[in-house]
Number of protein chains: 2
Amino acid sequence: MFQLSVSTRDRILDTAERLFAEQGFHVATLRQITQEAAVNLAAVNYHFGSKQALMRAIFKRRLDALNTARMERLDAALRIDPPELEDVLDAFVQPALAFTRGGDAEGQRFMQLLLRAFADRDTDLHQAMRLEYAHVMRRFADAIGHALPDADPERLRQQLDFIVGALTLTMAESALKDTRIIAGELVRFAAAGLRAPIPTDAEQEARFSLEARS
Amino acid sequence: MFQLSVSTRDRILDTAERLFAEQGFHVATLRQITQEAAVNLAAVNYHFGSKQALMRAIFKRRLDALNTARMERLDAALRIDPPELEDVLDAFVQPALAFTRGGDAEGQRFMQLLLRAFADRDTDLHQAMRLEYAHVMRRFADAIGHALPDADPERLRQQLDFIVGALTLTMAESALKDTRIIAGELVRFAAAGLRAPIPTDAEQEARFSLEARS
DNA sequence: GTCTATAATGGGATAGAC
DNA sequence: GTCTATCCCATTATAGAC
C-alpha cells in the first residue's frame with residue numbers, strides 16, 4: 001500500500017486482470033502474467049503472497065470502484081422522493097459499463113471477470129463477491145421499493161437478480177460499441193418488468209392448465 | 001455409440017458432468033472423475049479420446065435435449081396464431097429447469113455448466129454453444145415477433161439475450177425448491193419488458209439530460 | 001475393454017544471492 | 001525489491017500387459 005514502486009505492483013494487477021478475464025484463473029499462469037507484465041516471476045509472491053491473493057486484489061479494486069460509483073448515482077437519484085424508477089435502475093446499470101477512467105474496454109473486461117466469479121460457485125471469490133454485493137443489493141432493492149411502494153420486497157430482490165443476470169451476461173458478451181445503447185435498453189426493459197402487475201390467482205390457474213395441455 | 005458396455009461410458013459422463021459443474025473444467029481432474037465413477041483412469045481416453053472431448057460429449061447430450069424440449073413446446077405454442085407471448089416464453093424458460101427425466105437437480109447442474117460455458121469466451125465450447133443456440137434463438141425471436149407484430153426484430157434479439165442472462169444466472173444460483181416459481185416470475189417479468197413501449201426521442205432526450213446532472 | 005505403470009510436461013511456490 | 005535457479009508436486013496422456 002505504501003511502497004514506493006507502485007508500478008511493478010500495478011503492472012501485475014493490470015496484466016493479470018486482462019489474462020484472467022480472457023482465459024480464466026486456472027489457464028492464465030503466473031509465468032505468462034509476469035512475462036507479459038515484464039516483471040520477475042517471483043514478484044507476484046512478493047507483492048501478493050499467492051496467485052489466489054492476486055485474484056482477490058484484482059477483484060477488490062474493481063468491485064469497490066463499481067460499488068462506489070453505483071452508490072453515488074443512487075444517492076443522486078434519491079434526492080427526489082419518491083425516486084424515479086428509471087433513475088434508480090440507471091444508477092445500477094450505467095456504472096457497470098464505464099466505472100473506470102480507462103473507458104469501456106476495462107469495464108467489459110471486468111464484466112467478464114464477474115461472470116467467471118458467478119460461475120465459480122463454492123469458491124472463496126464467489127462468497128466474497130456475494131457478500132460485497134449483498135450490501136449494495138439491499139440498498140437498491142430498498143430504493144426500488146420506494147419508487148414502487150406497492151411492490152412486494154421479496155419479489156423485488158428476486159427481480160433484481162434477473163437484472164443482474166441480464167446485465168452481467170449481456171455486458172460480457174456484447175460488442176463494445178453497443179454497450180451504451182444496450183444499457184438504456186436494459187433499463188427500459190427492467191422498468192417495465194418491475195412495474196408489471198402481479199397476476200391474480202385465477203389468471204395463474206388458467207396459465208397452468210394451459211401448460212398441462214402441451 | 002454401439003458398444004455393449006454403455007455403463008462405463010455413462011458413469012463417466014454423469015460423474016464428469018457433476019464435477020465439471022461443481023468445480024470447473026480445469027479443477028476437476030481425470031483422476032478424481034474416474035475414481036468417483038469407479039472406472040479406470042485410462043477409460044476416459046479410451047472412450048472419449050481426451051478430457052476436452054469428454055466435455056464436448058457432456059455438453060452435446062444436454063444441449064440437444066434442452067433444444068429439443070424447447071422446440072416441442074414452442075411448436076405447441078405456435079398452434080395458436082398469433083401465439084400468446086407468455087406461451088412462447090414458457091416454452092423457452094420451463095424446459096431449462098426440468099428437461100431431463102432426472103428432475104431438477106440435473107437441470108440446475110447443467111445450468112451451472114452453461115454459465116461456465118458463457119464465461120469461457122474464446123474457447124471451442126463457447127463457440128459450439130453459440131452456434132447451437134443461434135438456431136433456437138432465431139426461432140424464438142421469430143415466434144415473439146409474431147406475438148408482438150409491432151416490435152423491432154433487432155431489438156427482440158437483444159431482449160432475448162437479457163432473458164437468457166436472467167434465466168441462466170438465476171437458475172444456476174437459486175435454491176432448488178424455488179425454480180418452478182422463479183420460472184413463472186421470469187416469464188411475467190420478461191413479458192412485461194417485451195411489451196413495453198419504445199420511448200420517443202423526446203423522452204430519451206429528457207433522460208440523458210437528467211443523467212448529466214448527476 | 002480394462003488395467004498398471006510411467007512418460008512428458010508444466011504448474012505454484014520458495015531459498016538465497018544481490 | 002528484484003533476480004536466478006530449483007524444489008516439489010500434480011496433471012494429461014499413453015504404452016503395453018492381460
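The shown structure was predicted, so the numbers you read here are calculated from the model rather than taken from an experiment. Naming: A, B, ... by sequence-line order, numbering from 1 per chain.
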- Quick one: sort the B:Phe110 and B:Phe59 rings into parallel, tilted or perpendicular, breaks at 30° and 60°. tilted
- Any A:Thr8 side-chain nitrogen or oxygen under 4.0 Å from OP1 or OP2 of D:dG1: no
- Message: In terms of relative ring orientation, are A:Phe140 and A:Phe92 parallel, tilted or perpendicular, with 30° and 60° separating the classes?
- Response: perpendicular
- Task: Starting at atom CD of B:Gln35, determine the distance to atom C1' of D:dT11, rounded to an integer number of angstrom.
- Result: 15 Å
- Message: Check B:Glu86 with B:Arg188, please: is the shortest side-chain N to carboxylate O separation under 4.0 Å?
- Response: no
- Message: In whole Å, I'd like the distance from the OH atom of B:Tyr46 to the C1' atom of D:dA13.
- Response: 16 Å
- Atom pair CG/CD of B:Leu148 and B:Gln159 - distance to nearest 0.5 Å: 9.0 Å
- Task: Take nucleotides 4-18 of chain C nucleotide by nucleotide from the 5' end and write B, S or -, depending on whether a protein heavy atom sits under 4.0 Å from the base, only from the sugar-phosphate, or from neither.
- Result: B------BBBB----
- Could B:Asp14 and B:Arg9 be called an ion pair, given the rule that one side-chain N must be under 4.0 Å from one carboxylate O? no
